[in-house]
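Taking it in order: structure first as structure tokens, then the write-up.
Computed from a predicted model, the values in this text were never measured in an experiment. Quick note: numbers below take in every heavy atom, side chains included, and nothing from hydrogens, waters or symmetry partners. In listed order, ligands and their atoms are each counted from 1.
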Amino acid sequence: MTFDLSQKRIWVAGHRGMVGGAVARRLASEGCEVITAGRDRVDLVEQAQVRDFMARERPDAIVLAAAKVGGIKANSDYPVDFLYQNLMIEANILQAAHEADVARVLFLGSSCIYPKLAPQPIPEDSLLTGPLEPTNEWYAIAKIAGIRLTQAYRQQYGRDWISAMPTNLYGPGDNYDLNSSHVLPALLRKFHEARVAGAGTVTVWGSGTPLREFLHCDDLADALVFLLKEYSGHDHVNVGSGVEVTIRELAQTIAEVVGYKAELVFDATKPDGTPRKLMDSSRLHAMGWNRARPLKDGIADAYADFLDGRDRG
Ligand code: GFB
């Protein structure tokens with residue numbers, strides 16, 4: 001299948017976030033019109049606002065990258081926000097898209113939808129085969145509902161809508177707030193600040209042993225545009241880099257990129273979360289996409305963005 005994006009009107013829901021921003025940048029070279037709207041124009045948690053916006057704009061396709069997201073601490077601290085807001089955003093957008101007869105929707109989930117002890121690398125069909133990781137269960141349940149809702153519109157109404165499951169993401173436009181961020185931006189900031197202060201130690205949450213797979217958001221955006229054009233099917237598709245590192249190794253690579261050596265202090269009062277979540281992206285590779293950049297190059301790009309943000313204040 002090929003869905004030609006040229007001349008199409010494509011709404012990137014969540015364009016102010018890291019992923020939506022990357023998708024909007026990537027779509028700029030596809031000859032399509034990218035539609036965006038900030039929260040001041042449409043609050044995605046409000047059904048009537050979403051319905052009005054969709055009826056007015058009538059996009060040909062939607063990349064649903066809008067979500068309440070955060071790292072392991074934020075997920076545990078704000079269960080209502082992660083469950084309620086994500087359920088509302090996806091239900092509102094999908095139903096309004098159906099009413100407005102939108103031809104293509106690409107829904108974005110997350111690797112945390114899979115069982116805590118899923119087989120590794122995790123194939124798409126391990127969804128709903130075991131208990132979830134408790135620290136992000138709220139977010140995972142909302143995202144599982146989004147996958148199923150996307151499939152339900154396909155099944156009941158024949159909508160050519162699809163879902164993709166990205167692994168842990170990082171890159172330009174990331175959140176660097178230490179309480180709500182993911183590990184990679186948090187450690188970039190901690191190492192940078194340690195260098196500026198000349199500090200001897202950097203604190204890393206948990207034991208440092210959990211394994212994570214990381215993907216640069218621009219690589220994700222490239223894969224998503226590929227799927228939007230080339231994939232049609234009921235099943236969601238994993239999008240990963242295929243490379244996993246321990247949190248300790250990640251900290252060491254970040255230290256090299258920042259150019260500062262400090263002793264790692266592991267804070268055992270903070271949770272490790274799931275021990276391992278390497279996705280099996282072989283379906284995506286078999287379709288023809290396998291272009292993730294090396295982790296160290298990606299971190300260098302993210303660090304440049306972090307420094308740029310600091311300079312802009
Ligand atoms: O990235 P992260 O917050 O999320 O944490 P998850 C990954 C690992 O890094 C955990 C450790 O073992 C953390 O304990 N870590 C070490 C740190 N230092 C830090 C730090 O300074 N900040 C943070 N945040 N972590 C999230 C889910 O899980 O993954 C979301 O909570 C989502 O729902 C996302 O699915 C992709 O990988 O554990």
Side-chain angles (χ1 to χ4, degrees), residues 17-19 65 67-83 85-87 108-118 120 122 127 132-147 164-171 174-194 201-217 220 236 238-241 244-255 258 262 264-279 295 299 302 306:
M18 177 178 73
V19 172
K68 168 78 180 170
V69 298
I72 195 164
K73 184 173 187 306
N75 269 265
S76 313
D77 289 352
Y78 305 107
V80 173
D81 297 0
F82 279 82
L83 183 52
Q85 290 185 27
N86 286 311
L87 284 173
L108 286 188
S110 159
S111 57
C112 70
I113 58 163
Y114 292 115
K116 179 182 175 100
L117 300 177
Q120 308 282 328
I122 313 172
L127 181 63
L132 298 163
E133 154 60 34
T135 52
N136 57 35
E137 182 163 0
W138 319 97
Y139 180 69
I141 297 252
K143 287 294 183 182
I144 293 169
I147 298 167
M165 296 308 117
T167 189
N168 284 37
L169 304 166
Y170 68 96
D174 213 339
N175 168 20
Y176 295 98
D177 174 82
L178 294 180
N179 276 316
S180 58
S181 68
H182 290 100
V183 60
L184 198 153
L187 293 183
L188 261 181
R189 176 173 174 175
K190 288 181 187 178
F191 271 97
H192 175 78
E193 291 180 351
T201 60
V202 163
T203 302
V204 179
W205 294 356
S207 64
T209 59
L211 285 152
R212 292 290 184 274
E213 177 191 25
F214 295 97
L215 182 69
H216 191 285
C217 61
L220 172 72
H236 61 276
N238 287 346
V239 185
S241 61
E244 60 179 345
V245 291
T246 64
I247 297 302
R248 177 191 287 274
E249 287 164 345
L250 175 73
Q252 287 160 348
T253 305
I254 289 176
V258 173
L264 302 179
V265 175
F266 292 94
D267 177 357
T269 67
K270 296 287 194 303
D272 270 344
T274 198
R276 194 179 174 200
K277 50 175 172 180
L278 175 65
M279 302 226 290
L295 180 59
I299 293 175
F306 171 81

Straight-line distance of [X] [atom1] to [Y] [atom2], nearest 0.5 Å:
X      : Y      : atom1 : atom2 : value
Thr167 : Leu278 : OG1   : CG    : 7.5 Å
Leu87  : Ile141 : CG    : CD1   : 9.0 Å
Arg248 : Leu264 : CZ    : CG    : 6.5 Å

Just wondering, do Leu188 and Ile299 contact through their side chains at under 4.5 Å, heavy atoms? yes
Show me, by chain and number, every protein residue that has a heavy-atom distance under 4.0 Å to ligand 1. Gly70, Gly71, Ile72, Asn75, Ser110, Cys112, Asn136, Tyr139, Asn168, Ser181, His182, Val183, Ala186, Lys190, Val204, Trp205, Pro210, Arg212, Ile247, Pro271, Asp272, Lys277
Closer than 3.5 angstrom, by distance alone: can the side chain of Asn75 be matched with the main-chain N or O of Gly70 as a donor-acceptor pair? yes
Quick one: do Glu244 and Arg276 make a salt bridge, cutoff under 4.0 Å? yes
